[in-house]
Amino acid sequence: QKEVEQNSGPLSVPEGAIASLNCTYSDRGSQSFFWYRQYSGKSPELIMSIYSNGDKEDGRFTAQLNKASQYVSLLIRDSQPSDSATYLCAVMGRYSTLTFGKGTMLLVSP
Amino acid sequence: GAVVSQHPSRVICKSGTSVKIECRSLDFQATTMFWYRQFPKKSLMLMATSNEGSKATYEQGVEKDKFLINHASLTLSTLTVTSAHPEDSSFYICSARDPDHNNEQFFGPGTRLTVL
């Protein structure tokens with residue numbers, strides 16, 4: 001069974017710090033990886049996608065992928081209180097279905 | 001970016017009634033849409049994959065006769081919860097795959113269903 005593992009947190013960081021969120025996956029054949037942000041009571045919002053090994057940067061967000069280690073991470077620089085949310089790691093499998101981790105709650109304190 | 005809408009956003013119904021939820025892709029054509037359910041403080045659970053013009057593919061443990069899915073056009077999929085019971089109360093979220101954006105999935109705002 002395909003699994004996506006995340007630390008549930010909460011991960012607490014002060015405003016302005018770097019938040020580091022991690023995710024591991026079990027299906028070695030996976031090729032597409034995503035990070036979604038979900039505020040309480042809301043639906044997930046896609047913030048990053050990554051398909052090849054290495055880093056991908058978009059504004060304050062950097063996604064990192066290491067397929068050999070089956071590891072995906074998300075770095076948030078200059079964290080803001082508005083970044084406080086649950087971050088879901090998702091891995092695309094067969095038929096383009098997504099398998100989600102349980103999410104990591106991030107708390108950014110002013 | 002790709003926009004997906006859902007209607008209604010919130011519904012309260014009596015036990016035994018049926019509820020229909022609509023999911024629309026507003027600015028792209030989605031041959032594939034997905035329906036998820038999320039219980040409080042839990043992760044998203046895929047219920048089914050909805051393909052335009054064909055039968056939906058249900059995940060293991062999801063009753064296809066209880067959760068009817070119709071994907072009659074490239075921009076609309078519907079989920080009908082039939083004979084709803086209190087244990088069906090949940091947050092139902094659809095997503096649509098955008099073929100013009102690397103097949104990335106974009107989520108609708110969700111429908112909160114409460115069955116009394």
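A note on names: the letters A, B, ... follow the listed sequences, proteins ahead of strands, and every chain is numbered from 1. Side-chain atoms are counted along with the backbone in the values below, which use heavy atoms only and exclude waters and symmetry mates.
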Legend entry - Which atom of B:Phe28 lies closest to which atom of B:Ala96, heavy atoms considered: CZ-CB, 3.6 Å
Legend entry - chain B contact via A:Phe34 - side chain, backbone, both or neither, heavy atoms under 4.5 Å: side chain
Inset, instruction - May I ask you to check whether over 12 heavy atoms, not counting those of B:Lys66, lie within 6.0 Å of atom NZ? - result: yes
Inset, instruction - Could you look at B:Gln38 and say if it's the side chain, the backbone, both or neither that has a heavy atom under 4.5 Å from chain A? - result: side chain
Legend entry - Distance in Å, B:Glu52 CD paired with B:His71 NE2, rounded so as to fall on 0.5 Å steps: 6.0 Å
Inset, instruction - Pick one of side chain, backbone, both or neither for A:Met92, based on which atoms fall under 4.5 Å of a heavy atom in chain B. - result: side chain
Inset, instruction - Flag the pair B:Tyr58 / B:Phe67 as yes when their ring centroid distance falls below 6.0 Å, and as no otherwise. - result: no
Inset, instruction - Could you tell me which portion of A:Leu88 (side chain, backbone, both or neither) has an atom closer than 4.5 angstrom to a non-hydrogen atom of chain B? - result: side chain
Inset, instruction - Check whether B:Asn102 gets within reach of chain A through its side chain, its backbone, both or neither, counting any heavy atom under 4.5 Å. - result: both
Which donor-acceptor pairs under 3.5 Å do side chains of residues 4-11 of chain A form with protein atoms, sequence neighbours excluded?
{"from": "A:Gln6", "atom 1": "OE1", "to": "A:Cys89", "atom 2": "N", "distance (Å)": "2.9"}
{"from": "A:Gln6", "atom 1": "OE1", "to": "A:Gly103", "atom 2": "N", "distance (Å)": "3.1"}
{"from": "A:Gln6", "atom 1": "NE2", "to": "A:Tyr87", "atom 2": "O", "distance (Å)": "2.9"}
{"from": "A:Asn7", "atom 1": "OD1", "to": "A:Gly9", "atom 2": "N", "distance (Å)": "2.9"}

Legend entry - Contacting region of A:Gln38 [heavy-atom separation from chain B under 4.5 Å]: side chain
